[in-house]
Amino acid sequence: MQSNSDPDELVTIARFTNQPELDIARGFLESEGIPSWAPEEHMVASTGGLYGIAVGGMRLQVRARDAERASKLIEEIDEAASPSLHSDPDET
């Protein structure tokens with residue numbers, strides 16, 4: 001990100017193909033004090049999800065000044081949602 005960019009400019013930090021995942025991410029960001037926007041959200045809902053497929057998912061956007069922190073928080077959600085690749089040490 002360039003230093004002369006507008007800190008209030010909206011930047012895309014993630015894309016989601018379904019509404020529940022988008023809602024979880026937005027709720028988590030808002031609980032951390034980061035407002036977010038999903039410009040395609042209503043269009044996707046009104047077309048039964050077809051618009052979202054056509055454009056590659058719904059964008060989740062935050063202000064440029066919040067982008068780095070928001071991206072890290074979204075990564076935390078992804079890590080928490082991923083199944084563990086480690087085996088249970090109690091299993092034999």
Side-chain angles (χ1 to χ4, degrees):
M1 183 178 301
Q2 297 176 357
S3 60
N4 62 353
S5 64
D6 180 358
D8 288 329
E9 177 183 0
L10 295 180
V11 296
T12 301
I13 60 162
R15 287 185 177 267
F16 296 90
T17 56
N18 67 62
Q19 190 70 45
E21 289 178 354
L22 173 67
D23 291 342
I24 289 168
R26 288 179 75 184
F28 187 54
L29 292 179
E30 290 179 17
S31 75
E32 295 291 323
I34 301 173
S36 62
W37 294 266
E40 294 86 13
E41 179 178 21
H42 297 290
M43 181 65 78
V44 170
S46 69
T47 62
L50 295 176
Y51 182 81
I53 294 168
V55 298
M58 295 172 279
R59 292 176 295 161
L60 180 61
Q61 297 185 318
V62 298
R63 290 184 182 110
R65 65 174 170 243
D66 296 324
E68 185 176 343
R69 182 169 169 243
S71 293
K72 287 179 182 177
L73 291 169
I74 295 298
E75 286 176 20
E76 287 180 22
I77 293 172
D78 288 343
E79 289 172 8
S82 298
S84 175
L85 299 177
H86 304 289
S87 61
D88 186 350
D90 295 332
E91 289 183 1
T92 54

Undergrad: Does a side-chain N-to-carboxylate-O contact under 4.0 Å join E68 and K72?
TA: yes
Undergrad: Out of L73, D66, L29, which residue meets the side chain to side chain contact (heavy atoms under 4.5 Å, CB included) rule with I13?
TA: L29
Undergrad: Are F28 and V11 in one and the same hydrophobic cluster, where Ile, Leu, Val, Met, Phe, Trp and Tyr link if side-chain heavy atoms are under 4.5 Å apart?
TA: yes
Undergrad: Answer yes or no: is there a donor N or O on one side and an acceptor on the other, between the side chain of E40 and the main chain of R59, under 3.5 Å?
TA: yes
Undergrad: Do P35 and R63 come within less than 4.5 Å of each other through their side chains, counting heavy atoms only?
TA: yes
Undergrad: Please find the pair of heavy atoms, one from A25 and one from I74, that lie closest to each other, and give the distance.
TA: CB-CD1, 3.6 Å
Undergrad: State, to 0.1 Å, how close W37 and R26 come at their nearest heavy-atom pair, and which atoms those are.
TA: CA-NH2, 4.5 Å
Undergrad: Tell me whether R69 contacts the main-chain N or O of I34 through its side chain, where contact means a donor paired with an acceptor under 3.5 Å.
TA: no
Undergrad: Any non-hydrogen side-chain atom of Q19 less than 4.5 Å from a side-chain atom of M58?
TA: yes
